Asker: 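The structure is given below, and queries will be raised subsequently.
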Amino acid sequence: MATLPTEILEDEHKLIMRVVDALKVFAENMEDGWEVDEETLVDIIEFMRVFAQKWHHAKEEDELFPALVKRGVPRVGCPLVQLKNEHKKSNNYVAELVQSMELYRRSGVEGWTDVIQGLKNLYLYYPNHIWKEENMLFPMTNRLLLAEDQQQLLAEFERIDALHGQKLHDRLEQFALRLEKQTFGD
Ligand SMILES: [Fe+2]
Ligand SMILES: [Fe+2]
């Protein structure tokens, strides 16, 4: 059977979760007083901004959700508005993390606990959000969308992939794998 759009989104979730799982350990190490690895933090922020927000959330919000609305899912209300709000929430978490990082860089002390809190916010948020999508939204998607909708979605996903480019995808994927390996070993 051809790939379904939801399978592509699930693959992206797996990549996001590699980073999110590592964030937990990263934050715990920071709490234990480990030196902050600023370079890795910058890469984590880039991954979240580019891959999770601009890439993955865009496929969901700009393409999948409107396709569902076309097939009768309410534009306002559950589950689309709730999931959109959750995306906003995660964008805010990343924005706050950037601010805390800047404060920490300037002062060398302040912002430290906020950086840890920022990482915690993200690793507490993502598993729930992804669970809702994979157990509620995606089964509903595969029930409601017609074959032609699925085709259209695949084409739109390809367009979004092309917009960002394979090179950037590979770089972000390599980062996620490297972070996972650094954190958990082989
Ligand atoms: Fe989402
Ligand atoms: Fe998602």
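Both ligands and their constituent atoms are indexed starting at 1 by order of listing. All values reported here derive from a predicted model rather than from experimental measurement. What you see below is based on every heavy atom in this structure, not just the backbone, and it leaves out hydrogens, waters and symmetry mates.
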Asker: Using 2.8 Å as the cut-off, count the protein N, O or S atoms closer than that to the Fe ion (ligand 2).
Answerer: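 If we list every protein N, O or S atom nearer than 2.8 Å to the Fe ion (ligand 2), we get 4.
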Asker: Atom CG in Asp37, atom CG in Leu179: separation rounded to 0.5 Å?
Answerer: 9.0 Å
Asker: Going by the rule side-chain contact (heavy atoms from CB on, under 4.5 Å), which residues pair with Lys70 if we only count those two or more places apart in sequence or in a different chain?
Answerer: Asp149
Asker: According to side-chain contact (heavy atoms from CB on, under 4.5 Å), who are the partners of Glu173, at least two apart in sequence or on a separate chain?
Answerer: Leu15, His169, Asp170, Leu177
Asker: I'd like to check the side-chain contact (heavy atoms from CB on, under 4.5 Å) partners of Pro66; sequence neighbours left out, ordered by chain and number.
Answerer: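 So Pro66 forms no side-chain contact (heavy atoms from CB on, under 4.5 Å) with any residue.
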Asker: Once rounded to the nearest 0.5 Å, what's the spacing between atom CG of Leu23 and atom OG1 of Thr183?
Answerer: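 With rounding to 0.5 Å, CG (Leu23) is 8.5 Å from OG1 (Thr183).
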Asker: Looking at Phe138, Trp131, Tyr126, which one forms a ring pair (Phe, Tyr, Trp, His ring centres under 6.0 Å) with His13?
Answerer: Phe138
